[in-house]
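Order of the sequence lines sets the chain letters (A, B, ...), proteins ahead of strands, with each chain counted from 1.
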Amino acid sequence: MSANTEPTTTDTPPFRYTSALAQDIELRWQDWWAEHGTFETPNPSGPLGDPELAAARGDKLFVLDMFPYPSGTGLHVGHPLGFIGTDVYARFKRMTGHNVLHTMGFDAFGLPAEQFAVETGQHPRITTEQNVATYRRQLRRLGLAHDPRRSISTTDPHYYRWTQWIFSQIFNAWLDPESGTARPISELVAEFESGARPTPDGRPWAMIPADERQQVIDDHRLAYVSDAPVNWCPGLGTVVANEEVTADGRSDRGNFPVFKRNMRQWMMRITAYADRLIDDLELLDWTDAIKTMQRNWIGRSTGANVHFGSPAGDITVFTTRPDTLFGATFMVLAPEHPFVDVLTTAEQAHAVADYRRQSSAKNEIDRTDDTREKTGVFTGSFAVNPLTGTQIPVWIADYVLMGYGTGAIMAVPCGDQRDFEFARKFGLDIPAIQRPPAAWLEDHGIDPDDPAALDTAAWPTSYVGDAPYVNSANDGLDLNGITNKADGIAKTNVWLEANGKGEATITYKLRDWLFSRQRYWGEPFPVVYDSNGFPHTLPDDLLPVELPETDSFSPRTFDADDEFSNPESPLDRLVDWVEVELDLGDGPQKYRRDTNVMPQWAGSCWYQLRYLDPTNDVAFVDPAVEAYWTGPRPELRPDHPGGVDLYVGGVEHAVLHLLYARFWHKVLYDLGHLSSKEPYARLFNQGYILAAAYKDEREVYVDAFSVEQRDGEYFYDERPVTREYGKMGKSLKNAVSPDEMYDEYGADTLRLYEMATGPMDASRPWETRDVVGMYRFLQRLWRNMVDEETGDCTVVDTAADAGTLKLMHRTIDVVRTEMDALRFNTAIAKLIELNNAVTKLEATPREIAEPMVLMTAPLVPHMAEELWRKLGHSDTLTYHDFPVADPNHLVDDTIEYPVQVNGKVRGRIIVATDADPATIEAVALADDKVIAATDGKSPKKVIVVPGRMVNIVV
RNA sequence: GCCCCGGUAGCCCAACGGCAGAGGCAGCGGUCUCAAACACCGUCCAGUGUGGGUUCGAAUCCCACCCGGGGCACCA
């Protein structure tokens, strides 16, 4: 990139704010801050403790960025948008009386480093360390005010020792259904032993053989080994979690096909927390969008299980609308449902077998494409509707999914569109059980008063909603006339339970979290298996279980489409490591180590807690330190759950990291390790930096920086290409490195540009050519205080004129408000406005210069420190008080009012600020232009909005 | 199909229901320069996606629709 802002000739003044000077200032201050430990934040106690300093700094504030993954390509200018925003906010808060904790670590385990290792043979630790070093250099160059002592890496054994410890806590806990909270597993065993809690099959605990007892215990754990359908991804050589599978059945990393397979894997019992994960969203200051995504993912449905008698035994269905049971005229089972074999009659055997073969050959995408016409076949058998006693046919169809609910539904065609379509297609009965509103009927061309309105043959669709029930009564239950479904549901549930035909229940879409990966570059499980195959966590004094050395990092690789391959962890091959002799309390015995590693999400489930107390080697965090930084704050809100005060990151982690981290946090809270119920009290989703990307005629992205624009068309290598905008990154070939910006403009300009282009939560395109605007602002600011020839400070000690003073106080007022609300773009606009006014003065008065420097400090800290020093101060301004506006300067003696006539501005009047409405009205009506505009007509009405305007209606 | 978010000047963005413009880029004119770049000074530019409604007054509130981005999706 050409450095066209570099001084290219000798006539550039030696102390002009050029990129070279910016570089000099920035590097100097970055060194100064590091030497002086400027951004070290005191804890209230412990190794990083300094209670006096913590108290002197003010109220605590914990500001957090989402944990970055240090990729091999380094940062591009899209990454630090959030980092700069939190830095500006944290710096502002330090100047307004807060003890601010802000640091950054690295989520450094993960697939890319491992894949690089597989390709090159270079150990992923080396790759990771190099990448982390690059990130640290680029982030330091940005001037972020992080406490460097608190930075951590998930790959550091001192860190993952505690990740393993937390795993052990989860493994050695169970969820007590009575209290709804996690408790130590030892308490469960004690209750079984004492008889306080009945065993699952009722036998006294002492009568149960040891290995069965072990199984009972293991079945209660919050981390457990399960033989269940999992997502097997041969392309990655590992299994992955539901959350990591995209809607079209592929891995979100690598985009490989994913297959459902039964395999023995570690699971986390996150479903036990489903209710609390939904309900506690109420306590969080998060956007509705993210809360909705979490609610949808957890997918809580309240309803009832209903049992239908059939030749194969009771078919249980889950329904959210038991009140519509009178309208259930057939049933549909998933083709894989275990009852299908028994229910299929000889005549239907052939059709059913055919259908099952067809549907099993379909992939997930085809099966869930709801534009597809309904298909299905009759099994030949009937079941009994428990409310009506009628025999209803049992069908199979692939629109019913085995993985949701019970894999069977009752079909109520008049009240469910899918069932309606199915019934229409196959000629099944569609009796009406609700009278739809007249408006609905009229909309569909049906006369509401016609007795035949309830003949569904005329209905174009099902009717879904509240409406009075009809045809809904049997000997013991009468819903007819009830108008809302809540009452109908409640009444039906009572009947079902009283008659043993069903029970109210709740289902969730959320599944337990698949927690093991057959990879190398992750946290080993702190688990060994005894000779009977039961897992045991290792005692704390054997932690960490360090990742063993090897030069074979690759899981066994498979063809991405080889569904029937089997995972094989790289650790499996390390026989000397796997086989181990230990004394776990009953004498030395041989054990086998678990050869899985944890998923990448493990390290990010609790990292913010380690920032609080990173050097603690007796606990993952000291309770007093945790309570200080993340304890509940009832003074803000009575139900404040505690947690990070401000968490900034992209929306892409809505159901992965944010759900997993909340789950771990709640377990640790239940077990008494934390005072906060939630990890992140306030979440702010930043937008993305987008950039133009160009595709050629093959739909392949071309290097965006080699594209030429001519006459509104775009060309790459003389071939036409099409432009689109996308998230900046390697894959779109449109990434701009911050290093280029440091060279051409300096870090302060880059920071300012990123903050000025829009509000923090908005995505916006990057335009390198726009950056110069902020550079010019900084040059003017510099020139207003520094002689470009000599470098001397030109600020004068004479008083400022009233107009400038007033403008400054108004600027202070707005900048304070806007920075506090994370609206840095508008704060910057006001600072530019003030600076532009100061530019017009003969000289800059000190009483203007100093507040201006302090106000810009959070945004452009290097330049602000340099100017502060030139203004004669000897210390950093990091902890200097932010300017406060003098309210006397915020009001004028007089106000100009626009005067509207019939809503159009026709004149302007100037009146005293404290003038009463009658006076304002009189002045307005006397104005020449107003008289001309009203054309002598007498006003019908005069509206005077004090402080705003006057409107005359004629 | 459903749920979020957003459409204001050529571009990025501002505007407690009250004069559509704070700021930046680009453009145009000028100063500086042998010339240019940089820098500086000045200046042009829209009636707010569309159609209704509420109101004295709507970018702002309500309804419907269109466009863009994101999420969810035979979830019973």
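Put simply, A:Asn296 has no side-chain N or O that comes within less than 4.0 Å of OP1 or OP2 on B:C3. The side chain of A:Thr287 contributes no N or O atom lying less than 4.0 Å from OP1 or OP2 of B:C4. Regarding contacts with the backbone of B:C40, a side-chain N or O of A:Arg780 is found under 4.0 angstrom from either OP1 or OP2. Remark: A:Arg776 is not in phosphate contact with B:C38, judged by side-chain N or O atoms under 4.0 Å from OP1 or OP2. OP1 or OP2 of B:A73 lies within a sub-4.0 Å distance of a side-chain N or O belonging to A:Lys509.
Nucleic acid contact for A:Val953: sugar-phosphate only, since backbone atoms but no base atoms lie under 4.0 Å from a heavy atom of the residue. As judged by a 4.0 angstrom heavy-atom cut-off over every strand, A:Ser763 is placed among residues touching the sugar-phosphate backbone only. In this structure, A:Gln779 reaches the sugar-phosphate backbone alone: every heavy-atom distance under 4.0 Å involves primed, P, OP1 or OP2 atoms, never a base. Within 4.0 Å of A:Ala829, counting heavy atoms only, lies at least one base atom of the nucleic acid. Among the protein residues, A:Gln900 comes within range of the nucleic acid bases, having at least one heavy atom under 4.0 Å from a base atom. Across all strands, A:Met293 comes closer than 4.0 Å only to sugar-phosphate atoms, never to a base (heavy-atom distances). In this structure, A:Asp419 reaches neither bases nor backbone, as no heavy-atom distance under 4.0 Å exists between it and the strands shown. At the heavy-atom level, A:Ile828 lies nowhere under 4.0 Å from the strands shown.
Comparing B:A26 with B:G68, their P atoms are spaced 30 Å from each other, to the whole Å. Comparing B:A14 with B:U8, their C1' atoms sit 10 Å apart, to the nearest whole Å.
As rounded to whole Å, 13 Å separates atom P of B:C75 from atom CZ of A:Phe318. Rounded to a whole Å, the CG atom of A:Asn685 is 12 Å from the C1' atom of B:C4. Going from atom CD of A:Gln294 over to atom C1' of B:C4 covers 15 Å, rounded to whole Å. The CZ-P distance, from A:Arg764 to B:G24, rounds to 17 Å in whole Å. In this entry the distance linking NZ of A:Lys291 with P of B:C5 reads 14 Å, nearest Å. Rounded to whole Å, the distance from CZ on A:Arg295 to C1' on B:C72 is 14 Å. Atom CD1 in A:Ile290 sits roughly 15 Å away from atom P in B:G70 (whole-Å rounding). Note: CZ (A:Phe777) to C1' (B:G24) measures 11 Å, nearest angstrom.
If you look at A:Phe422 and A:Phe330, their ring centroids are closer than 6.0 Å.
Within the 4.5 Å cutoff, no side-chain heavy atoms of A:Asp761 are placed close to those of A:Thr287. Put simply, the side chain of A:Leu325 reaches to within 4.5 Å of the side chain of A:Met410, judged on heavy atoms.
In this structure, the nucleotide among B:C56, B:G42, B:A22 sitting nearest to the side chain of A:Lys840 is B:G42. Each of B:A22, B:G23, B:A76 was ranked by its minimum atom distance to the side chain of A:Asn836; first place goes to B:G23.
When each of A:Thr839 and A:Thr292 is assigned the nucleotide of RNA chain B with its nearest heavy atom, A:Thr292 is the one assigned upstream, toward the 5' end. Between A:Met949 and A:Lys941, it is A:Met949 whose nearest contact on RNA chain B lies nearer the 5' terminus.
In a base pair of the Watson-Crick type (N1 to N3 plus N6-O4 or O6-N4) or a G-U wobble (N1-O2 and O6-N3), with each distance short of 3.5 Å, B:A9 is matched with no nucleotide.
The base of B:C56 sits with one of its N or O atoms less than 3.5 Å from a complementary donor or acceptor on the side chain of A:Asn951. For B:C56, the base has no donor-acceptor partner in the side chain of A:Lys940 [N/O atoms by modelled type, under 3.5 angstrom].
Taking the six-membered ring where the residue is Trp, A:Tyr775 and A:Tyr745 present perpendicular rings, their angle passing 60° and hence far from 30°.
In this structure, A:Ile409 CD1 and A:Tyr399 OH are separated by 3.5 Å, a value rounded to the nearest 0.5 Å.
A pairwise comparison of heavy atoms in A:Pro413 and A:Ala423 identifies CB-CB, 3.7 Å as the closest pair.
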